[in-house]
Each structure stands twice: as C-alpha cells, then as structure tokens.
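This report concerns only the one structure given below.
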Amino acid sequence: EEPLVRAAASHGWGHRVDIKPEHEMEKVLYACDELTGLIGAAALMRPTGISDMEPKSVVKKFKDKKFAAGCSRDIIRQGAEMLGVEVNDLIAETLEAMKIME
C-alpha cells in the first residue's frame with residue numbers, strides 16, 4: 001500500500017477500517033482526528049473561538065460525555081496511549097497546533 005493511502009485509511013481503525021495504525025504519522029492521525037472535532041466544537045461555543053482557549057477548557061469538555069457526544073473519547077484515549085502520551089498532553093499539543101493553523 002502507498003504510505004499516504006495507508007495513513008489516511010488507518011485513522012479509522014476499529015470503527016471504519018481494519019488497518020491498524022503502525023507508523024508514527026498513522027498514530028498521530030488516529031489520535032487527533034476525533035480530538036480536533038472536540039476542540040472545534042468547543043471553539044464554536046466561545047465568543048473568541050480557539051485563539052485564547054486553554055487546554056483545561058478542552059479537558060473539561062472532554063470529561064463531559066454529553067458535549068460533542070459523537071467524538072469518541074475512547075479513540076482519543078487509545079490514540080494517546082499508542083503515542084505514549086497522556087491525554088492532557090495530547091489535548092494541549094493538538095490545541096496549540098490548531099491555533100497555529102488558525
């Protein structure tokens with residue numbers, strides 16, 4: 001398989017496809033796909049959007065199972081575990097990356 005095709009497909013592992021993320025980029029995509037949705041939803045709820053959002057705000061939304069209920073917390077946790085990082089650190093890093101891209 002082509003590496004980019006594999007990376008694109010593997011981020012749906014366990015709920016859309018059977019291609020397990022093995023390479024670092026595949027693991028990052030798997031971990032961050034759901035998380036960016038959660039962060040994006042949280043940003044929509046704020047008058048200032050994502051620009052001054054703090055990781056603790058996202059962690060609070062992460063813990064609220066009713067908020068952005070379609071974003072799987074289990075996938076986010078599993079992705080963080082695959083990368084060998086804590087969920088709170090993954091949230092902080094992903095939030096910072098999204099701010100840069102804003």
Side-chain angles (χ1 to χ4, degrees):
E1 292 177 39
E2 291 289 324
L4 290 177
V5 172
R6 181 178 163 73
S10 66
H11 82 276
W13 175 63
H15 58 100
R16 291 189 194 111
V17 297
D18 291 330
I19 301 170
K20 184 176 181 178
E22 294 175 5
H23 303 286
E24 191 72 11
M25 182 55 73
E26 294 170 359
K27 293 174 184 179
V28 170
L29 286 171
Y30 179 79
C32 294
D33 186 41
E34 294 287 313
L35 181 54
T36 57
L38 181 80
I39 292 170
L44 291 173
M45 303 297 295
R46 300 167 47 87
T48 56
I50 198 171
S51 62
D52 63 345
M53 186 183 294
E54 295 290 327
K56 66 182 178 181
S57 298
V58 180
V59 170
K60 184 176 178 181
K61 296 295 187 188
F62 178 84
K63 291 178 181 178
D64 180 357
K65 294 176 184 174
K66 292 180 182 178
F67 180 80
C71 294
S72 171
R73 276 62 168 174
D74 290 337
I75 289 174
I76 296 168
R77 283 186 203 97
Q78 189 171 19
E81 185 177 315
M82 282 181 178
L83 291 169
V85 299
E86 296 294 324
V87 171
N88 289 3
D89 294 336
L90 180 64
I91 288 171
E93 290 178 30
T94 304
L95 176 59
E96 190 59 34
M98 289 177 72
K99 286 180 181 181
I100 291 168
M101 299 306 296
E102 180 180 38

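Just the heavy atoms: all of them, side chains too, but no hydrogens, waters or symmetry mates, feed the values below.
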Legend entry - Inter- and intrachain pairs under side-chain hydrogen bond (donor to acceptor under 3.5 Å, both in side chains), touching residues 62-73, at least two apart: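 Listed once each, the pairs would be none.
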Legend entry - Side chains of Leu83 and Tyr30 in contact at under 4.5 Å (non-hydrogen atoms): no
Once you round to the nearest 0.5 Å, how far does [atom1] of [X] lie from [atom2] of [Y]?
X     : Y     : atom1 : atom2 : result
Asp33 : Leu38 : CG    : CG    : 12.0 Å
Ile91 : Cys32 : CD1   : SG    : 10.5 Å
Met82 : Glu22 : CE    : CD    : 9.5 Å

Indicate every side-chain donor-acceptor pair of residues 92-100 with a distance under 3.5 Å to a residue at least two apart or in another chain.
from	atom 1	to	atom 2	distance (Å)
Thr94	OG1	Leu90	O	2.8
Lys99	NZ	Met53	O	2.6

Legend entry - Nearest atoms (heavy-atom pairs only) where Cys71 meets Glu34: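 Scanning both residues completely, I find the closest heavy atoms to be CA-OE1, 3.2 Å.
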Legend entry - Nearest heavy atoms of Val87 and Ile76, plus distance in Å: CG1-CG2, 4.5 Å
Legend entry - All side chain to side chain donor-acceptor pair (under 3.5 Å) counterparts of Asp74, not counting sequence neighbours: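 Counting only residues at least two positions away or on another chain, Asp74 forms a side chain to side chain donor-acceptor pair (under 3.5 Å) with Arg77.
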